[in-house]
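These notes are about the structure you will find just below.
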2 protein chains.
Amino acid sequence: MTAVFDGLPARADQAAAFLKGLASPHRLLILCALAQGERNVSTLIAETGMAPTSMSQHLAKLKDEGVIDVRRDHRTLTYFIVHPAAVQVMDVLHAHFCGSLQAD
Amino acid sequence: MTAVFDGLPARADQAAAFLKGLASPHRLLILCALAQGERNVSTLIAETGMAPTSMSQHLAKLKDEGVIDVRRDHRTLTYFIVHPAAVQVMDVLHAHFCGSLQAD
DNA sequence: TTTTCAATTTCGATATTTATGATATGATCG
DNA sequence: CGATCATATCATAAATATCGAAATTGAAAA
């Protein structure tokens, strides 16, 4: 009986940390943009209307969590999604909160 | 350019609130159990080892968010998952954090 | 109707998250 | 080298989430 969930708590911690990484309106907006293709920080700021500091912090969090990664192009930093589960979660969210035939 | 994300912020808020509802190790443990079938509170407490107060609070949160619902059976309350997106997210998490051929 | 059992609500302490302003880094252009 | 542009880091305050203990509800058994 105590064995029913053996090992689960550890995985639950990981999974919860991953979900927390996505669970913010700002970060979802960022991921929504990145889902359409990689973007540099200035572009993300322009598209989302977020403050630069806030953007940096959210990008850092997503990067720490392994959801996105960066590449340096000349003077700008280009971010892109790298976590497969993140893409799948975004798909689920899109289907449920944005309808199925929306252009966005 | 300001129109690129028209209407998105509102949906991002909803989606983020939904994700926040799931984003806790305790609540994932609860949902893991409920994914295998409905359960009453005592059973959930026994299976997860959580304190009763904590269990109630997490169940309340999941219910507020529309993820689960309750039914009263004689003297006990039986909870079950009702949100389709929650099931899908759990599937994604399971595939990525628990491997694909685990009994759990 | 009194007791009992299952579960919830309330409350206060602690921890985590978030936003914001100021400062710092680091690559490039002149 | 010195200025500048893109972005990150630091510091702190405000908001939010979490946990445990004690008290409460509400249905049913006696």
Side-chain angles (χ1 to χ4, degrees), chain A residues 1 9-10 12-34 38-81, chain B residues 1 9-10 12-34 38-81:
Chain A
M1 307 81 218
D13 282 350
Q14 289 180 240
F18 167 72
L19 279 189
K20 269 188 204 165
L22 309 184
S24 136
H26 280 352
R27 289 194 291 280
L28 287 183
L29 238 41
I30 292 171
L31 291 172
C32 242
L34 294 183
E38 53 181 35
R39 299 266 196 281
N40 61 48
V41 181
S42 307
T43 303
L44 284 172
I45 289 172
E47 284 185 341
T48 63
M50 296 174 52
T53 295
S54 187
M55 177 61 70
S56 258
Q57 286 178 160
H58 285 300
L59 289 173
K61 185 157 199 166
L62 287 169
K63 188 162 172 302
D64 281 354
E65 201 55 58
V67 174
I68 62 180
D69 204 352
V70 210
R71 171 186 27 142
R72 184 178 280 276
D73 288 328
H74 53 290
R75 231 187 307 201
T76 73
L77 296 180
T78 299
Y79 282 89
F80 47 93
I81 299 178
Chain B
M1 326 116 164
D13 282 349
Q14 289 179 243
F18 167 72
L19 279 189
K20 269 187 205 164
L22 308 184
S24 135
H26 280 353
R27 288 193 293 279
L28 286 184
L29 239 39
I30 293 171
L31 291 172
C32 241
L34 294 183
E38 54 181 37
R39 300 266 196 281
N40 61 47
V41 181
S42 307
T43 303
L44 284 173
I45 289 173
E47 284 185 340
T48 63
M50 296 174 52
T53 296
S54 187
M55 178 60 71
S56 259
Q57 286 171 347
H58 287 300
L59 289 172
K61 186 157 201 166
L62 288 169
K63 187 160 172 306
D64 282 353
E65 200 56 58
V67 174
I68 63 179
D69 204 351
V70 211
R71 169 183 28 120
R72 185 178 280 277
D73 288 326
H74 52 289
R75 230 185 306 200
T76 74
L77 298 181
T78 299
Y79 283 89
F80 47 93
I81 299 179

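- Residue H26(A) places no side-chain N or O under 4.0 Å from the OP1 or OP2 atom of dT17(C).
- Atom CD1 in I30(A) sits about 11 Å away from atom P in dT18(C), given to the nearest Å.
- With rounding to the nearest 0.5 Å, the separation of OG1 in T78(A) from CZ in R72(A) is 10.0 Å.
- R39(B) places its CZ atom 18 Å from the P atom of dA6(C), with the value rounded to the nearest Å.
- Side-chain N/O atoms of Y79(A) include none lying less than 4.0 angstrom from OP1 or OP2 on dA6(D).
- Checking A23(B) against V70(A), the closest nucleotide of DNA chain D that is more toward the 5' end is the one next to V70(A).
- Among the atoms of the strands shown, base atoms are found under 4.0 Å from some heavy atom of T53(B).
- Atom-to-atom, CE of M50(A) to P of dA6(D) comes out at 18 Å; the value is rounded to the nearest Å.
- Atom P of nucleotide dA6(D) and atom CD1 of I45(A) are separated by 10 Å, given to the nearest angstrom.
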Item to complete: Decide yes or no on side-chain contact (heavy atoms from CB on, under 4.5 Å) for M50(B) and I30(B), but give the supporting numbers first.
Response: CA-CA 10 Å; M50(B) 296 174 52; I30(B) 293 171; 4.2 Å; yes

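- Nearer to the 5' terminus of DNA chain C, by closest-nucleotide assignment, is the contact made by A51(A) (compared with the other of A51(A) and R75(A)).
- In this structure, H74(A) atom NE2 and dC29(C) atom C1' are separated by 13 Å, rounded to whole Å.
- Counting only heavy atoms from C-beta on, Q57(B) has its side chain closest to dT10(C) among dA8(D), dC29(C), dT10(C).
- Within the 4.5 Å cutoff, no side-chain heavy atoms of H26(A) are placed close to those of T48(A).
- Each of T43(A) and K20(A) was matched to the nucleotide of DNA chain D holding its nearest heavy atom; the match closer to the 5' end belongs to T43(A).
- Protein atom CG of L44(B) is 13 Å distant from nucleotide atom C1' of dA6(C), rounded to whole Å.
- Across all non-hydrogen atoms, the minimal contact from E47(A) to A33(A) is OE1-CB, 3.5 Å.
- Across the protein-nucleic acid pair, L62(B) atom CG and dA17(D) atom P stand 13 Å apart, rounded to whole Å.
- Distances shown here put a side-chain N or O of R27(B) below 4.0 Å from the OP1 or OP2 atom of dT18(D).
- When the nucleotides dG20(D), dA19(C), dA7(C) are ranked by their closest atom to the side chain of H58(A), dA19(C) comes out on top.
- Place L77(B) and S24(A) on DNA chain C by their nearest nucleotides, and L77(B) ends up nearer the 5' end.
- Here the side chain of S56(B) is nearest to one of dA27(D), dT9(D), dT9(C), namely dT9(C).
- Computed from coordinates, the L19(A) CG to dA17(D) C1' distance equals 16 Å when rounded to whole Å.
- The side chain of S54(B) contributes an N or O atom lying less than 4.0 Å from OP1 or OP2 of dC19(D).
- For the residue pair N40(B) / T43(B), a side-chain donor-acceptor distance below 3.5 Å is found, with atom types taken as modelled.
- A salt bridge links R71(A) with D73(A): the closest approach of a Lys/Arg side-chain nitrogen to an acidic carboxylate oxygen falls below 4.0 angstrom.
- In this structure, K61(B) reaches the dT18(D) phosphate: one of its side-chain N or O atoms is under 4.0 Å from OP1 or OP2.
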